[in-house]
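A note on names: the letters A, B, ... follow the listed sequences, proteins ahead of strands, and every chain is numbered from 1.
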Amino acid sequence: MLTSAPRGTKDILPSQTRHWHLIEQVIAQLCQEYGYEEIRTPIFEHSEVFHRGVGDSTDIVQKETYDFTDRGGRELTLRPEGTAPTVRALLEHKLYAGPQPVKVYYQGPMFRFGRPQKGRLRQFHQFGIEVFGATTAQVDAEVIAMAMDFYRRLGLKDIELLLNSIGCPQCRPGHREALQQFLEPQKEEMCQDCKSRFDKNPMRILDCKEEKCQKLSHDAPTTVGYLCDDCNNHFTEVKELLDAAGVEFTLDERLVRGLDYYTRTAFEIISKDIGAQSSIGGGGRYDHLVEKLGGPPVPGMGFGLGLERLLLTMEEQGLLETEKAEKRHIFIASIGEGTKTVAFGLMQTLRRQGLFVEMDYQDRSLKAQLKTASNRFQAPYVLIVGEGELEKGEVTLRAMNKGTQENIPLYEAPERLYALIQEDRDREKG
RNA sequence: GUGGCUGUGGCGAAGUGGUUAACGCACCGGAUUGUGGCUCCGGCACUCGUGGGUUCAAGUCCCAUCAGCCACCCCA
């Protein structure tokens, strides 16, 4: 269909862009305050970046990537997430060679091929941050706290932070084995998906949504119980730091994130107000991703927050301004030969003073012009430029809310209007 | 990728096989000659997502296709 955007994509129309601007401003401000600098990577990468980075066994790579071959025969993929590309850039430009930790943020479109539904698009936007080169719990806590701070600044209510630690390559095998042993006797009762997870990635059985699987795994060993000393200490410290910062969280031993590269801290933020796709953001530590992509052992930690889902939540919670933004201070109506030229000049003069001015562009009747001035633009003042007035070097200044009007010399108009609008502004400020 | 529901003008929405496709909002115009927000009047769908088919006759039935919504999987 020529006249509709591709499935799962959306035009962001003027009535929506203002909300995006708001979010983008908060992002820029927040990141500046927290010491993160923006990085902009291409929206597509060599497919390898995601296969090796995100992980071949993940759903994202197995069935959700937009892959294509370019005319030069290169295998490319539209980025499904922002971490792997950021790591790639880190390596390419050897950003890790400078002062550490490296703290960067990104904001932009991501692509995943899935069936669209509420809160799920094929092209969606994420705001994410990454910290490279530090393993301490303070980094984890800062990243998490920053995500919550972001939501707080936008006024979000009723969101929940879920927290877990999924261990490292040292402690995971132990857990895996214990889990398989525990589940083995009940293997036949699990759902199809979980049966296949049993060997591939048994950890994921823990957060299966099927009721019977939840029951079966209810008392199953969780990752937290098998953490090695280092991971355990790290996790404890993260929790202490969050407490110290006044960030509330819920421990969720079943939280297992879908990307292969996570280690230790994993977290997710959910909103109850936006339907089944309740996760509005998430992240975690990934201490081996950089190596996996061929770099030196540089640890990382970050988050990715979904902007459409954020907007959905804000809309649901009544946090978005719904007032139309077309308000103008002054509307210039014109009638008769040659008046448009004067009106146009006047409009530009007024605009140069910083006023919001609009005029009629279509030779409409005065009646129609006034209607537009009051209905559409809610202009408190209308300047009427007519042949009669012009002959005397005057224009009519009409105060719309009072319904009064007077003739004033044309040359005085800019000054008069500027003063009037200033007065109104002062009055609004109280 | 799987399932359910839906698809009529810019938006919302009637229409359940039969002459010219209700209505509301929005938009545009008019109610005597240059004056608004209220009221009144008028205009605005050669056409019912698209393509086939059934029928004397289809927006109304059937099939396909595309899209939207919701859910599953998974995730933002």
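Closest non-hydrogen pair, A:L383 versus A:A413, comes out as CD1-CB, 4.4 Å.
Summarising the base pairing, B:C72 is matched to B:G1 through a Watson-Crick or G-U wobble pair whose two defining distances lie under 3.5 Å. Checking B:G43 for Watson-Crick or G-U wobble geometry (two distances, each under 3.5 Å) identifies B:C27 as its partner.
Donor-acceptor pairing under 3.5 Å, judged by distance alone, is present between the side chain of A:Q405 and the base of B:U35.
Look at CD on A:Q277: it is 10 Å from C1' on B:C70, rounded to the nearest Å. Distance, A:Q117 CD to B:C72 P: 6 Å, rounded to whole Å. In this entry the distance linking CZ of A:R120 with P of B:G1 reads 13 Å, nearest Å. The nearest whole Å value for the distance from the CE atom in A:M400 to the C1' atom in B:G36 is 4 Å.
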Reading 5' to 3' through nucleotides 26-33 of chain B, protein heavy-atom contacts under 4.0 Å coded B for base, S for sugar-phosphate only, - for none: --SSSB--
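Legend: salt bridge (Lys or Arg N to Asp or Glu O under 4.0 Å) pairs involving residues 268-288 of chain A, not counting sequence neighbours, sorted by first then second residue: A:D140-A:R285, A:R257-A:E268, A:R285-A:D287. Among pairs with a residue in residues 380-408 of chain A, those fulfilling salt bridge (Lys or Arg N to Asp or Glu O under 4.0 Å) read A:E406-A:R416, at least two apart in sequence or across chains.
Among the heavy atoms of the strands lying under 4.0 Å from A:I280 are primed sugar atoms or P, OP1, OP2 only; no base atom is included. Residue-level contact check: A:G114 touches neither bases nor backbone, having no heavy atom under 4.0 Å from any strand.
The shortest side-chain heavy-atom distance between A:E184 and A:Q180 does not fall under the 4.5 Å cut-off.
Between A:T372 and A:R364, the side chains place a donor N or O and an acceptor N or O closer than 3.5 Å (distance only, hydrogens not considered). Side-chain contact annotation: A:T65 with A:D67, donor-acceptor N/O pair under 3.5 Å present.
In the set B:G36, B:C69, B:A76, B:G36 carries the atom at the smallest distance from any side-chain atom of A:R398. Comparing B:A71, B:G34, B:U35 by their nearest atom to the side chain of A:K118 picks out B:A71.
Not a single ring-ring contact (aromatic ring centres under 6.0 Å, His included) links A:F344 to another residue, sequence neighbours left out. Under the ring-ring contact (aromatic ring centres under 6.0 Å, His included) criterion, A:H125 pairs with A:W20, sequence neighbours left out. A:F111 meets the ring-ring contact (aromatic ring centres under 6.0 Å, His included) test with no other residue; sequence neighbours excluded. In this view, A:F303 and A:F127 satisfy the ring-ring contact (aromatic ring centres under 6.0 Å, His included) rule, not counting sequence neighbours.
For B:A64 and B:G17, the P atoms lie 23 Å apart once the distance is rounded to whole Å.
Across residues 19-34 of chain A, not one residue has a non-hydrogen atom less than 4.0 Å from an atom of RNA chain B. Contacts with RNA chain B (heavy atom under 4.0 Å) in residues 6-15 of chain A: A:R7, A:G8, A:K10, listed by number. A heavy atom lying under 4.0 Å from RNA chain B marks the following residues of residues 305-312 of chain A, by number: A:G306, A:R309.
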When the side chains of residues 330-338 of chain A are checked against the rest of the protein, which donor-acceptor pairs come out under 3.5 Å, sequence neighbours left out?
from	atom 1	to	atom 2	distance (Å)
A:S334	OG	A:K340	NZ	2.8

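Geometrically, A:K103 does not engage A:Y105 in a cation-pi contact defined by less than 6.0 Å to the ring centre and at most 45° from the axis.
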Step-by-step side-chain contact (heavy atoms from CB on, under 4.5 Å) determination, A:R88 to A:E45: CA-CA 9 Å; A:R88 195 230 78 228; A:E45 294 279 347; 2.5 Å; yes
For nucleotides 3-9 of chain B, list the nitrogen or oxygen atoms of the protein found under 3.5 Å from its nitrogen or oxygen atoms, one pair per line.
from	atom 1	to	atom 2	distance (Å)
B:G3	O6	A:R115	NH1	3.1

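More than 12 heavy atoms of other residues, nucleotides or ligands sit less than 6.0 Å from atom CD of A:Q353.
Residue A:E387 is the one, among A:E387 and A:I269, whose nearest nucleotide of RNA chain B lies closer to the 5' end (criterion: closest heavy atom).
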